[in-house]
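Heads up, the thing below is written out as structure tokens.
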Amino acid sequence: MTIFRFDGRRRFRTLFQAVTLTIVFVIILKCLTQDNDSSKNMQIKETIKPSGDIYSQLLSANDLERLKRVERGPPIVVPRYKLIFFWNQKSACSYWKRVFQYIQGIPRKQFQFIHTPERSGLKYLDNYSNKSISQMMNDPTWIKATFVREPRERLLSAYLDKAIDNSFVLEKCNRSVKSFSEFIELTRTCKDPHWETQVRLPQHYYKHMIVGVMENLPDFTEKLLRKVGAWNDTVRHWLQNRKRNDLVVTRMHATNAKNKILKYYTHSLEKKIVTRYQKDYDVFGFDRSLFTLK
């Protein structure tokens with residue numbers, strides 16, 4: 001007669017090891033699956049978790065593409081001073097590009113190429129990866145700034161500079177215009193950065209951005225350069241010396257549009273522009289009062 005002895009301790013130990021290994025295997029499999037899903041989602045959304053807490057939302061793939069849009073002109077990046085500057089056509093953009101060339105010590109021979117990115121010596125946001133852009137945009141140690149212009153004044157400046165005795169509008173829109181009102185109607189369908197809205201990001205980003213306006217150009221220049229640590233006597237003297245060719249050239253296509261508002265605008269035209277550029281008025285706080293009623 002064969003007697004089978006039951007070894008409880010050995011059986012329990014074997015069972016415990018089997019259960020433990022099964023649990024560990026399940027945990028590892030779950031982690032790998034989650035990592036794979038996260039990777040896929042990251043590739044689809046192309047968003048990066050912010051490194052700071054100042055923004056409540058992430059940059060979407062669409063936001064990133066808007067930021068890097070070449071035709072619009074990607075923001076200027078000044079790595080030395082950790083500054084991202086959102087410039088706008090017809091809002092002293094030539095002036096700002098020249099300033100950023102100077103404070104970074106870019107050779108003067110490159111100053112004439114301020115509108116040719118690959119020869120200007122300036123860095124732009126589209127030179128960076130999506131990951132780097134998201135990290136910089138959400139890092140509070142990087143200063144974000146923009147410079148804007150009153151929409152009615154800016155649109156008139158575009159008309160005076162690009163439509164009168166200039167082939168720009170003809171080449172861009174395949175037709176010429178004979179009056180300011182005709183130009184306003186044309187720009188509803190013919191899109192161009194010189195007259196598009198100056199709001200380029202989700203509106204909540206501007207709450208954490210330094211905003212300058214055309215009326216305060218000298219004061220804002222000093223304020224911004226002091227903020228990033230680029231202000232000194234050398235810069236101040238350079239800016240004050242208006243006889244320098246490198247500053248004079250930036251004023252060659254200045255239109256003095258502000259002093260010509262009443263000559264070109266009617267009450268109805270003003271109302272159209274205030275309505276069309278509602279985002280600019282909301283985000284940057286421009287006065288909606290009609291000049292023609294003052």
Side-chain angles (χ1 to χ4, degrees), residues 54-75 84-93 96 125 137 144-163 168-169 172-173 177 179-217 220 255-294:
I54 61 174
Y55 299 118
S56 59
Q57 301 179 30
L58 298 175
L59 282 171
S60 67
N62 183 56
D63 295 332
L64 289 165
E65 289 308 312
R66 285 170 60 191
L67 282 173
K68 298 190 297 182
R69 182 177 159 193
V70 175
E71 181 184 12
R72 182 65 186 266
I84 301 176
F85 188 84
F86 293 80
W87 57 280
N88 293 286
Q89 286 90 340
K90 304 311 300 175
S91 297
C93 65
W96 284 111
L125 209 58
M137 285 298 301
K144 293 86 184 176
T146 188
F147 192 79
V148 294
R149 192 173 188 175
E150 205 285 330
R152 287 164 289 185
E153 178 187 333
R154 179 169 175 259
L155 187 61
L156 177 56
S157 178
Y159 169 70
L160 297 173
D161 183 38
K162 302 299 181 182
F168 181 88
V169 169
K172 177 69 180 181
C173 308
V177 294
S179 67
F180 183 47
S181 59
E182 191 176 342
F183 174 74
I184 289 177
E185 287 303 309
L186 177 62
T187 56
R188 291 178 56 191
T189 55
C190 180
K191 305 299 183 181
D192 186 84
H194 290 88
W195 50 76
E196 288 181 10
T197 176
Q198 298 167 98
V199 178
R200 305 175 60 179
L201 283 168
Q203 295 186 24
H204 69 278
Y205 272 88
Y206 291 96
K207 297 178 181 178
H208 310 282
M209 193 177 293
I210 301 176
V211 179
V213 295
M214 185 70 79
E215 290 76 9
N216 300 321
L217 178 59
F220 181 75
T255 58
N256 196 25
K258 184 176 182 179
N259 296 327
K260 299 177 181 178
I261 290 285
L262 295 180
K263 179 180 178 180
Y264 287 91
Y265 274 101
T266 63
H267 180 73
S268 60
L269 287 180
E270 275 200 89
K271 292 180 66 176
K272 284 183 180 180
I273 301 310
V274 171
T275 300
R276 183 191 297 184
Y277 294 95
Q278 181 178 342
K279 279 188 177 181
D280 292 61
Y281 287 95
D282 289 342
V283 172
F284 303 122
F286 291 117
D287 186 1
R288 286 181 167 85
S289 301
L290 301 183
F291 297 121
T292 51
L293 295 181
K294 293 182 180 180

Looking at the rings of Y265 and F180, which for Trp means the six-membered one, are their centres under 6.0 Å apart?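 Yes - the distance between ring centres of Y265 and F180 falls below the 6.0 Å cut-off.
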
Donor-acceptor contact below 3.5 Å, side chain [X] vs main chain [Y]:
X    : Y    : value
T275 : K271 : yes
E270 : F291 : yes
K191 : R188 : yes

Can you find a pair of side-chain heavy atoms, one from [X] and one from [Y], that are under 4.5 Å apart?
X    : Y    : value
L201 : M137 : yes
L186 : V169 : yes
H267 : L290 : yes
V199 : F284 : yes
Y205 : V283 : no
E150 : V213 : no

Is it true that, when you exclude E215 itself, more than 12 heavy atoms of the residues, nucleotides or ligands shown sit nearer than 6.0 Å to its CD? yes

Between T146 and Q198, is there a side-chain donor-acceptor contact under 3.5 Å, judged purely by atom types and distance?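 No donor-acceptor contact under 3.5 Å links the two side chains.
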
Any chance the side chains of D287 and S289 put a donor and an acceptor closer than 3.5 Å?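 Yes.
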
Stepwise side-chain contact (heavy atoms from CB on, under 4.5 Å) test for Y206 and M209: CA-CA 5 Å; Y206 291 96; M209 193 177 293; 3.7 Å; yes

In this structure, OG1 of T187 is separated from CD1 of I273 (nearest 0.5 Å) by 6.5 Å

If I take atom CD from residue Q278 and atom CZ from residue F286, how far apart are they, to the nearest 0.5 angstrom?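 Those atoms lie 14.5 Å apart.
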
Between T292 and T266, is the side-chain contact (heavy atoms from CB on, under 4.5 Å) condition met? List the steps. CA-CA 7 Å; T292 51; T266 63; 5.7 Å; no

Who are the ring pair (Phe, Tyr, Trp, His ring centres under 6.0 Å) partners of Y277, not counting sequence neighbours? none

What are the two closest non-hydrogen atoms of [X] and [Y], and how far apart are they?
X    : Y    : result
W87  : G73  : CZ2-CA, 3.4 Å
I84  : P75  : CG2-CB, 3.9 Å
Y159 : S179 : OH-C, 3.5 Å
A92  : M214 : N-CE, 3.7 Å
A163 : V177 : CB-CG2, 3.9 Å
C93  : N88  : CB-O, 3.5 Å

Could you walk me through whether I184 and R276 satisfy the side-chain contact (heavy atoms from CB on, under 4.5 Å) test, starting with their C-alpha distance in whole Å, then the side-chain angles of each, then the deciding distance to 0.1 Å, before giving a yes or no? CA-CA 10 Å; I184 289 177; R276 183 191 297 184; 3.4 Å; yes

With D161, the salt bridge (Lys or Arg N to Asp or Glu O under 4.0 Å) member among K90, R154, K260: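 The option that passes is K90.
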
Tell me whether R288 is salt-bridged to D282, with the criterion being a basic N under 4.0 Å from an acidic carboxylate O. yes

Can you label the angle between the F147 ring and the F220 ring as parallel, tilted or perpendicular, going by 30° and 60°?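 Tilted: the ring planes of F147 and F220 meet at 30° to 60°.
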
Going by the ring-ring contact (aromatic ring centres under 6.0 Å, His included) test, name the single residue among Y264, F168, W195 that passes it with F183.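 Going through the options one by one, the only one that passes is W195.
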
